[in-house]
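Structure record follows, encoded as structure tokens.
Below, all heavy atoms of this structure are taken into account, side chains as well, without hydrogens, waters or symmetry copies. Keep in mind that what you see is a predicted model, and the values were worked out from it rather than measured. Order of listing sets the numbers, starting from 1, for every ligand and every atom in it.
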Amino acid sequence: MEVYSQWSANEERATLKGKFANDRHRPVYHFIPPHNWMNDPNGLIQWQGLYHMFYQYNPLVADGGVILWGHAVSSDMLHWTDLPVALEPTPGTADAGGCWSGITLDNGGVPTIIYTGKNGRSELPCVATSQDNLVTWQKYEGNPVIATPPAESVGTDFRDHTVWREGDTWYMGIGTGLKGGGGAVMLFSSPDLYHWTYLHPLYQGDAGVDREVYECPSFFPLGDKHVLIFSSTTRSYPVAYIGTYADHKFTPEIEERMDYGSNSFYAPQTFEDEKGRRVMWSWLRETRSREEHRAANWAGVMTMPILITHNEAGEICYSFAPETEALRGANLEFGEQTVSGDTLLDTLQGDSLELKAEFQPGSATGFGLILRSSPDGSEQTRLGYDVNTGRLYLDVTRSNSEKAGEVSPEVPAYILEPGQSLRFHVYLDRSVIEVSVNDRIYMSGRVYPSRPDSLGVGVFATGGEATLKKLEAWQIGSIWE
Ligand code: FRU
């Protein structure tokens with residue numbers, strides 16, 4: 001086995017730069033590893049001012065397989081310096097088959113990772129610590145720190161960690177599925193992060209809805225409620241529950257879809273930064289074919305840093321961290337105008353843009369933005385709002401004229417009050433689209449236009465006239481230059 005901790009990802013990135021110079025789909029300002037495969041964000045933490053991003057990484061091929069922990073660090077959540085691989089499998093141990101997802105904690109000043117050691121079909125929690133400010137990591141000799149999954153767990157799927165402290169006691173939730181069916185998060189307690197006692201399920205899902213397994217739980221307080229996020233293998237998307245945490249059990253009150261886009265968002269992780277903000281990054285997986293991403297030599301992108309807050313109704317609100325404004329380059333502004341049908345804006349083009357657009361519905365039944373449009377409109381992506389149903393959608397069915405993408409779910413997302421505006425805040429970065437709507441709803445998706453001239457931006461209204469109150473646009477350059 002190669003020794004990845006000896007390998008300099010920065011050099012690797014510099015060497016590989018030319019290789020991707022003509023890749024029209026590879027994002028330029030979203031975090032992405034030097035090359036090959038990335039999935040979940042891991043171990044997110046701000047340590048002595050610096051943001052650490054670890055990630056599930058296969059540096060050998062743009063596909064799953066043996067997974068390591070890649071590592072990058074940033075002072076602003078936007079510009080990253082690669083660090084050596086933090087964790088890699090050790091033959092003959094609990095993680096011989098891979099170092100799967102986990103978290104980083106401050107254990108009384110000692111940076112400590114808890115991750116899932118994969119070995120054959122077994123998945124068990126392992127611990128590693130760092131003596132040099134999170135650069136190199138030493139695995140605990142007593143790994144795994146839990147010898148077997150609890151009896152009611154399916155046993156083979158027992159992975160990913162959310163850990164918090166109450167008084168002198170650590171608590172850990174681990175994702176799994178139950179023998180009788182149904183995803184669950186199992187709760188354990190420990191005085192020291194090394195010795196764990198099983199308590200009971202923190203939360204156990206409805207087997208009718210989530211037959212299989214919960215992955216990547218993240219559990220945290222929000223206002224006077226608690227939030228449990230997990231990625232459901234049955235539904236293939238992440239879900240957030242807002243509810244009550246009492247007697248070490250979680251009772252959901254509101255269920256929310258986290259993403260109303262086109263099925264790329266998976267395995268989000270959250271952490272509290274030094275400003276006390278709940279910050280989230282998530283994996284945006286590829287939606288093109290496996291052959292295509294293998295051939296491209298990269299797969300998987302991180303979202304922008306997203307802040308999680310709540311409104312008066314106790315619903316979760318998603319907005320981009322204000323730090324992201326530092327990426328803004330050349331700016332264009334469009335004033336109030338009436339929109340009906342499709343209009344491409346002839347002065348605005350691009351595939352690396354931030355857009356802020358405010359609409360009022362007027363008599364229209366739908367309205368929104370056109371992105372990545374070819375001059376003749378045959379290829380285009382539509383980000384829209386349906387006034388009658390409250391559905392928000394990212395329509396990627398015509399993003400690539402050669403093949404259809406997945407459509408957004410047919411569910412209401414947001415109801416406008418009379419007189420209220422709808423504000424789209426968009427980050428477009430080559431194949432990546434991320435949107436926050438009224439700083440409340442989050443949407444994302446991936447597009448792979450076949451035409452190099454699919455760079456047009458426009459507005460549309462259907463069934464009547466809408467008003468575009470204002471559109472602001474900024475060009476964004478590469479974070480790696
Ligand atoms: C989610 C996931 C996790 C697991 C990791 C393996 O995408 O399946 O449950 O720890 O990826 O790479």
- Message: Are F230 and Y241 an aromatic pair, judged by ring center distance below 6.0 Å?
- Response: yes
- Query: Can you list every salt bridge (Lys or Arg N to Asp or Glu O under 4.0 Å) pair that touches residues 152-180, not counting sequence neighbours?
  - Reply: E123-R159, D157-R159, R159-E215
- Message: Taking side chain to side chain contact (heavy atoms under 4.5 Å, CB included) as the definition, give me every residue that meets it alongside S450, ordered by chain and number, with sequence neighbours left out.
- Response: E379, N400, S401, E402
Table of N or O contacts for ligand 1, cutoff 3.5 Å:
| residue | atom | partner | partner atom | Å |
| --- | --- | --- | --- | --- |
| ligand 1 | 7 (O) | D40 | OD1 | 2.7 |
| ligand 1 | 7 (O) | D40 | OD2 | 3.4 |
| ligand 1 | 8 (O) | E215 | OE2 | 2.7 |
| ligand 1 | 9 (O) | R159 | NE | 2.7 |
| ligand 1 | 9 (O) | D160 | OD2 | 2.6 |
| ligand 1 | 9 (O) | E215 | OE2 | 2.9 |
| ligand 1 | 10 (O) | S101 | N | 3.1 |
| ligand 1 | 10 (O) | D160 | OD1 | 2.6 |
| ligand 1 | 11 (O) | N39 | ND2 | 3.1 |
| ligand 1 | 11 (O) | D40 | OD2 | 3.1 |
| ligand 1 | 12 (O) | N39 | ND2 | 3.0 |
| ligand 1 | 12 (O) | Q56 | OE1 | 2.6 |

- Item | Residues which pass salt bridge (charged side-chain N to carboxylate O under 4.0 Å, His left out) with R446, listed by chain and number, not counting sequence neighbours | E286
- Message: Taking the cut-offs as 6.0 angstrom to the six-membered ring centre and 45 degrees off its axis, would you call R288 and W298 a cation-pi pair?
- Response: yes
- Note on the structure: The reported gap from OH in Y203 to OG1 in T251 (rounded to nearest 0.5 angstrom) is 9.0 Å
